[in-house]
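Worksheet: one structure, shown below.
Just the heavy atoms: all of them, side chains too, but no hydrogens, waters or symmetry mates, feed the values below. Chain identifiers are assigned alphabetically (A, B, ...) following the order of the sequence lines, protein sequences preceding nucleic acid strands; residue numbering begins at 1 within each chain.
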Amino acid sequence: MSPAMGRAQTIMKARLKGAQTGRNLLKKKSDALTLRFRQILKKIIETKMLMGEVMREAAFSLAEAKFTAGDFSTTVIQNVNKAQVKIRAKKDNVAGVTLPIFEHYHEGTDSYELTGLARGGEQLAKLKRNYAKAVELLVELASLQTSFVTLDEAIKITNRRVNAIEHVIIPRIERTLAYIIAELDEREREEFYRLKKIQEKKKILKEKTERELEKRKIAGEVTEPANLLAEEKDEDLLFE
Amino acid sequence: MLGSAELSFNVDHGYLEGLVRGCKAGLLTQQDYLNLVQCETLEDLKVHLQTTDYGNFLADQTNPLTVSKIDMEMRKKLCGEFEYFRNHSLEPLSTFFTYMTCGYMIDNVVLLLSGALQKKSVRDLLGRCHPLGRFSEMEAVNIAETPSDLFHAVLVETPLAPFFQDCMSENTLDELNIEVLRNKLYKSYLEAFHNFCKDHGDVTAEVMCPILEFEADRRAFIITLNSFGTELSRDAREALYPTCGRLGPEGLRLLAQAEDFEQMKRVADHYEVYKPLLEAVGDGSAGKSLEDVFYEQEVKMNVLAFSRQFHCGVFYAYTKLREQEMRNVVWIAECISQRHRTKINSYIPIL
C-alpha cells in the first residue's frame, strides 16, 4: 500500500508543479496581450482624431471641386468599373494570437484621369488626393479595430484560464496532496502502533511460558534433556 | 444694315428682353451676399433668401435642409424661367435658345452614353440629366448596344448631329474616351454657335462673339493646364481646342507645345487680354486659381452684355449669371453646413 501511496504523492506533486508553471506561462501571455492591446488602443485614438480632420478636409475639397467643375457626381458614378485601391489581408502573431492586418495596394490606372478636363481639373485632382488619403487611413483604422476586438477576446479567454488555474485547479491539487500526505502519516502511525502492540503481546507470551517452565522444573517433571556436549560419564560405556 | 436692330428687334423680342432685364434686376447683390456669409445655419440662409427674388422657393422643403435641396430648388427656378423665355420666343431667338441648350445636351448625352455602355438602367440616369438639356429622344437611348448604333438610331434626330459628325470623321465613337468625346463635341458646338452669332450680325454678333471667343480660349487654357501629367498626347490635346477664339491657329499651336504653367503664361503674354489674367493667378491654395480668374472675367463680360440693347446676348448672359449665382449660394451653404468658414468669401461677386 505504502509504495502506491508514495507514487500517488509524487504524481500529485508533479501535477501541482505543472499547474503552477502553466499558470505562470498564461499570465505572461496575458501580460503580453494586454501590452499590445494598450498600444493598439492608443493608436486607434490617434488615428480616429486624424481621420476626423482628413474627412473634413476631403468633404471641403469636394465642395470646392463642385464649385468649379459643376456636378460631376453622376459622371463619376457611371464610369465606375474596377476598384483601383485593393486590400490584402496579412497575419500578425502576438503571443500566439493571430491578428489580421490589412494592407492596401494600387492596381490599374486612374480611369478618371481626364475627368474635369475642361473645368475644375485642378480641384478634382486635389479632391482625389484627399479622398485617397482618407481611404488609406480608413484601411489602417479597420486593421486596428479588428485587432482590438480579436485581442480583447483573447485576453478575456486567457484571463479566465489564469483565474481558473489559480483559484480552482491549484487549490484542488493542493488539497488532494495534503490529504495524501495526511493519509500516509496516518497509516504510518497505525503501522507503528500495530508493531508496538504486537511486541507487547509477544513479550507477555514469553514471560508466561518462562514462568510455566520454572514451575515444571521445580516440580521435577521436566528434566533437562541429555546434553551431548557435557563431559559426563556414561555408565553404558565399558572401556573409557 | 445699321440701325436695323433698333427697328426690328422689339417687334419680335421686345417683351422677352424687358422680362429678362427685370429678372436680372433680381440677381443677388453684394449686400445680399454679405448677409448670407454671416449666417450660422442653413435655416438662416433660407430666411435671408426669402427677402430676395427667390422668395419662398424653399417653403415646401421638409427638414432637415440640405445643400443639395437648395441646389435643386434653385435649378428648378432657373429652368422654369428659361423654359418660359424659350416657349415665348420666335425665330431667330428660338434657334439661339436651342444653341444655348446644346451645351447641356452634350453633357446629358455623354452621361447616357456611358450608362448605356455599361448596361445600366437608363431610367435613373434620366432623372439625373440636366433639365435644360432635355431632348425628346432621351428615353430611347437604352435600345442601342454600341455608341455607333446609338448615334445612327437616336442622336441623328437631335441638334447635336452635326457635332457628332465632326468627331466621327477621324475614328469611330467606340474607341473614344468619354471625356475626349465630350470635349470634342463641345468644341464643334462652340464653333457652330460662334458662326451662328456672326452670321446673325448686328449687336448680337458684337456682344456674343467676344464672349464666345473668350469661352473658347478659356477652354484651351484649362484643357492645357489639366492635361499636364496625363496620358493625353499633344495632338489629341490640340484636337480639343476650339478654334473660334482669339488665340487663333498660332496661339493654339504654341499652347499645344506647352509642358507646364510657365510656358502657358508665356503664350498668354502675346495676347494683352490674357496677360493680366494669367498674372493674377496665385500659387497653391492661398491665391486664386486659374479657374477663379476666368470665372471673374466671364462674369464681367456677362454683366457688360446688359449695357447694350436689342440683342439676344442678354439671355445668354442672364442664364450664365444665374448659374454663377447658384454656384455662389451653394458654396456659401456648403461652407456654413461644414463649418469651414475660412474660404467662405471665395465666391465670385457679380454685381
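Note: B:I222 leads B:I222, B:V330, B:T224, B:L225 in heavy-atom pairs under 4.5 Å with chain A. Listed options A:A63, A:A69, A:A125, A:G70 were ranked by heavy-atom pairs under 4.5 angstrom with chain B; first place goes to A:A63. Comparing B:E334, B:E291, B:H340 by heavy-atom pairs within less than 4.5 Å of chain A, the highest count is held by B:H340.
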key: side-chain contact (heavy atoms from CB on, under 4.5 Å) evaluation trace for B:F221 with B:V293   = CA-CA 12 Å; B:F221 278 117; B:V293 168; over 6 Å; no
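Expressed to the nearest 0.5 Å, how far CG of B:L212 lies from CZ of B:F193 amounts to 5.5 Å. Rounded to the nearest 0.5 Å, atoms CZ (A:F102) and CG (A:L141) are 11.5 Å apart.
With a 4.5 Å cut-off on non-hydrogen atoms, B:Y295 touches chain A through its side chain but not through its backbone. Within the 4.5 angstrom heavy-atom criterion, atoms from both the backbone and the side chain of B:N328 approach chain A. Of the two parts of B:E323, neither the backbone nor the side chain holds a non-hydrogen atom closer than 4.5 Å to a non-hydrogen atom of chain A. Proximity to chain B (any heavy atom under 4.5 Å) is restricted, for A:Q123, to the side chain, taken from C-beta onward.
Just one residue in the list B:E296, B:E298, B:E213 forms a salt bridge (Lys or Arg N to Asp or Glu O under 4.0 Å) with B:R218, and that residue is B:E298.
The backbone N or O of A:K17 sits less than 3.5 Å from a side-chain atom of A:T21, completing a donor-acceptor pair.
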